[in-house]
Structures are given as structure tokens and as C-alpha cells.
Amino acid sequence: MGVVGCGAISAQYFQTIDRLPQLRLVAVADLDLERAREAVRPYTGVDVLSVAELMADPRVDVVLNLTVPAAHAEIALQAIAAGKDVYCEKPLAATVADAGQMLRAADAAGVRVGCAPDTVLGTGTQTARKAIDDGVIGRPIAATATMMTPGHERWHPNPDFYYVPGGGPLLDMGPYYITSLVTLLGPVTTVIGAASRTRAKRTIGSGPRRGEEIPVTVDTHVTGVLVHASGVLTTLVMSFDGAATKAPNIEVHGEKGSLVVPNPNHFDGSVLVSGVGEEGWRALPDSAGYVGAGRGVGLADFAATPADEAPRAGGSLAFHVLDVMESLLASAHSGAAVTITSTCERPSPVDLLPAQGTQV
């Protein structure tokens, strides 16, 4: 593994890579070389290089792209040009056009593209998926997905990228929810959206820039309906404008019962079910997914997937999710429903497996 971008999320990836025997971190690159050195200080044998040096390093099989969303396509295209597989933090790119260019370049070069989130490979979403596939709630009819927070500027010391194109609640948190929904219920064919922007500036709440105001150039409350190819209707709310919510992160309702899916930003959590005529909710035991997973288990799954098979955390799924999000924003601005031109296969399910020694 060679990693480009040593920001806040990198520490979680480094910890997972360090404990999975099939992955080895050999080099990192960052615009801030001191930040890169500090990020890999706990790990031995990791070189701090320039981006060009990392791309040319023959030890690197896969480039892990942890840059800000606006730089995802640029870095990915450099990795592809160097003949290396690339795995991106979510979203795949800032725009569908950039993401399409990445996938076409990868196809032409004979390399693969993967993308977070990999939280859907944990026991939470995978146990929920198995329950749906096993008919526990009957034929799915509808779902809800809700994320409400006052905004990441309260805790993130450099939150600027959350409020520029490629950011916002939908592009930031939507990949977790929509990837989970596609994993559970299949691809989306149509979206109908609405959106708003509550205020023009946000105030940083932590770190050396505390008290500094930053501009907001994206919608901060996005809602809409996703029509899945299966006929399921999902109501989605993604917001940086709400103080709190008691709504479940994801619920799926079927002809025979309803299912509460754990937070898709987490790998595990209790899956709850309530059948028609039942009182209250009962928890299902973990029955699928990588146990004890952390950020990077999807990278290991990606690296271990044979070349002739589609990786679970693959580029086509990430492209479809990005297409759904961009189309939802387009619908919100036009006031008309938008047909999704892309599609993807539901990723193959994960048996109940330990994350240590991840296997396909």
C-alpha cells in the first residue's frame, strides 16, 4: 500500500492495515510532509515520499487515495497512469464526470478502482441484508434513511471542504447511507429531491482556527425519494442543519415486518426486527459480515478479490452512488424527477468472518 493524504481519517486506515497480514504500508505522501511524518511515526519501515515518487515506487501495488474529494480524480488518474490499482476514500470523485473519466482510464489501463465506504461489509449492514434476503420481513416495500447533525465544523479543525462542491451532508455522509441502501435493496432508477441552505457562513469550533468563519457554497439540508429498481421507495434526509434526531439511521419496511439497520457509518451494531402483530423489537444475532472490522477492511477485500471478479467495494458501486447523489441535487434544483442512467449489481454478501485475515 502507498497512501496519498495523511489527514484525520488516515490514522484509522493505518491501524487496520497494520493488523491485517495481507496488507503492508510502504510509503505515504502528503502536501504537508511534517504531517505525513507524524502520521506514520508509530509504524516502522514506511517512507515519506512526494506524490510522484510514490506513484513510481515499484513496491506499491495499490494506491490508497485519502485526499479531499476535489483531489480524488487527479490522484486516482496519476495512480492509474502509473499502472496501479487505486482505492479512494468516499465519494469516488467530486463529480460524476470526473468519476467516469477515472473508470474509463482504469479500464483502458487494465487496473481496478475501489472505493469506500467499507462499513457496509461489517456485521451491522450484512446481518440486515441477510435478514432481508432470508425473507424475515417479507418483500421490502419502503425504507427511510436519516442523518441530522449541526455540522462538522463544531469538531473538525479544517472543515472547509465540507462546505464546497464535493462536500455538504449528501456528498459527505450520503455515501454511507446510499451504499448501504443499494447493498440492502439494490440499485436506484429515479430520484426526486429538494434542498436548502440555512446560512452563508459557518464558524470553526475547534483547533487553531477556532472562531474563524468559512463560506458555505453547497446545500446543507437535502431530502428526497429514491426509487429502487425493485420498486422499493426510500425517503432520504441528509442535513447539517439539525440539532439532533431520534429517527433510526435506516429502517426497512416489508410486507411481514420492519427492520432497523445500524448506523451505516459504523461497522457493527444491533439489527432490530418487529413482525406484523408483534409487540416491540427483538435483536437479531450477528449472522454475516466481517467481525471486528475497521476502516480499511474494504481495501483488504478489494486487494484479495480475483481480477476476474467484481470487488465488493468496487468502482461501479461507488459510481452509481455518486450518480444518485448528484442526480438528487439536480432534481432539488430543477424541481423535476431525474432518471438515473447508471446502475450496478448488488455486491456479493459477506459470510460471518473475522476481519483478521480477511478473505473473499
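These numbers come from the heavy atoms of this one structure, side chains and all, not from hydrogens, waters or symmetry mates.
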Step-by-step salt bridge (Lys or Arg N to Asp or Glu O under 4.0 Å) determination, Arg202 to Asp241: CA-CA 11 Å; Arg202 298 272 174 149; Asp241 292 331; 2.7 Å; yes

Residue Leu31 excluded, over 12 heavy atoms near CG under 6.0 Å: no

Shortest non-hydrogen contact between Pro175 and Val321, atoms and distance: CA-CG1, 4.0 Å

Reported CG-to-OH distance for the pair Leu25 and Tyr13, which is rounded to 0.5 angstrom: 13.0 Å

Backbone N/O of Val324 and side chain of Ser327: donor-acceptor pair under 3.5 Å: no

Inter-residue atom distance Leu233.CG - Thr144.OG1, 0.5 Å rounding: 12.0 Å

Within-4.5 Å side-chain heavy-atom neighbours: Val28 and Phe14: yes

Contacts of type side chain to side chain donor-acceptor pair (under 3.5 Å), residue Arg295, not counting sequence neighbours: Gln12, Tyr176, Asn265

Taking every non-hydrogen atom, the tightest pair across Leu329 and Leu170: CG-CD2, 3.7 Å

Arg346 (side chain) donor-acceptor with Thr183 (main chain) under 3.5 angstrom: yes

Any residue meeting side chain to side chain donor-acceptor pair (under 3.5 Å) with Thr67, in chain and number order, not counting sequence neighbours: Asn65

Within-4.5 Å side-chain heavy-atom neighbours: Leu184 and Thr125: yes

For the student: nearest non-hydrogen atoms of Val271 and Gly124, plus distance: CG2-O, 3.4 Å

Any Trp281 side-chain heavy atom under 4.5 Å of Ser258 side chain: yes

Stepwise side chain to side chain contact (heavy atoms under 4.5 Å, CB included) check, Asp286 with Val291: CA-CA 9 Å; Asp286 292 344; Val291 178; 5.8 Å; no

Beyond-backbone contact of Val46 with Val3, side-chain heavy atoms, under 4.5 angstrom: no

Connected via hydrophobic side-chain network under 4.5 Å: Leu64 and Val48: yes

Criterion side chain to side chain contact (heavy atoms under 4.5 Å, CB included) on Gln101 and Leu77, from CA distance to verdict: CA-CA 8 Å; Gln101 183 183 6; Leu77 288 169; 3.8 Å; yes

Side-chain (Asp30) to main-chain (Ala36) donor-acceptor, under 3.5 angstrom: no

hydrophobic_cluster_shared for Val188 and Met147, side chain cutoff 4.5 Å: yes

Audit row: Thr220, Arg199, side-chain hydrogen bond (donor to acceptor under 3.5 Å, both in side chains) steps and yes/no: CA-CA 9 Å; Thr220 50; Arg199 51 193 188 275; over 6 Å; no

Val40-Val4 co-clustered via ILVMFWY side chain contacts under 4.5 Å: no

Thr179 and Lys90, any side-chain heavy atoms less than 4.5 Å apart: no

Nearest-0.5 Å distance, OG1 of residue Thr149 to CE of residue Met238: 11.5 Å

Under 3.5 Å: donor-acceptor pair, side chain of His156, backbone of Gly151: no

Thr119 side chain vs His266 backbone, donor-acceptor pair below 3.5 Å: no

CG-CZ distance between Leu121 and Phe302, expressed to the nearest 0.5 angstrom: 13.0 Å

Minimum side-chain heavy-atom gap Pro69-Leu171 below 4.5 Å: no

Hydrophobic cluster membership, Tyr177 vs Leu317, 4.5 Å side-chain cutoff: yes

Straight-line distance of Gln22 CD to Met1 CE, nearest 0.5 Å: 8.5 Å

Glu279 atom CD, over 12 foreign heavy atoms within 6.0 Å: no

Closest non-hydrogen atom pair, Ile340 against Thr190: CG1-N, 3.9 Å

Crowding at CD, Glu278 (>12 non-hydrogen neighbours, <6.0 Å): yes

Asp57 side chain vs Arg59 backbone, donor-acceptor pair below 3.5 Å: yes

Side chain to side chain contact (heavy atoms under 4.5 Å, CB included) between Glu255 and Ile141, worked out: CA-CA 7 Å; Glu255 291 180 320; Ile141 299 167; 3.6 Å; yes

Check: Gln126 side chain, Val120 main-chain N or O, donor-acceptor pair, under 3.5 Å: yes

Side-chain donor or acceptor of Thr223 paired with backbone N/O of Leu236 under 3.5 Å: yes

Separation of Asp160 CG from Ile204 CD1 (nearest 0.5 Å): 5.5 Å

Side-chain (Ser274) to main-chain (Gly280) donor-acceptor, under 3.5 angstrom: yes

Criterion side chain to side chain contact (heavy atoms under 4.5 Å, CB included) on Leu284 and Leu259, from CA distance to verdict: CA-CA 10 Å; Leu284 298 178; Leu259 194 74; 4.2 Å; yes

Heavy-atom pair of closest approach, residues Leu33 and Leu49: CD2-O, 4.3 Å

Closest heavy-atom pair and its distance - Val96, Glu326: N-OE1, 3.0 Å

Residues Arg312 and Asp351 bridged, charged N to O under 4.0 Å: no

Sequence neighbours excluded, every pair satisfying ring pair (Phe, Tyr, Trp, His ring centres under 6.0 Å) that has a member inside residues 201-250: His152-Phe240, Tyr163-Phe240

Cluster link Leu66 to Leu54, ILVMFWY, side chain under 4.5 Å: no

Heavy-atom side-chain proximity of Asn158 to Arg209 below 4.5 angstrom: yes

Salt bridge Glu38-Arg41, side-chain N to carboxylate O under 4.0 Å: yes

Donor-acceptor pair, side chain of Asp118 and main chain of Gly296, under 3.5 angstrom: yes

Sub-4.5 Å side-chain heavy-atom contact between Pro165 and Val218: yes

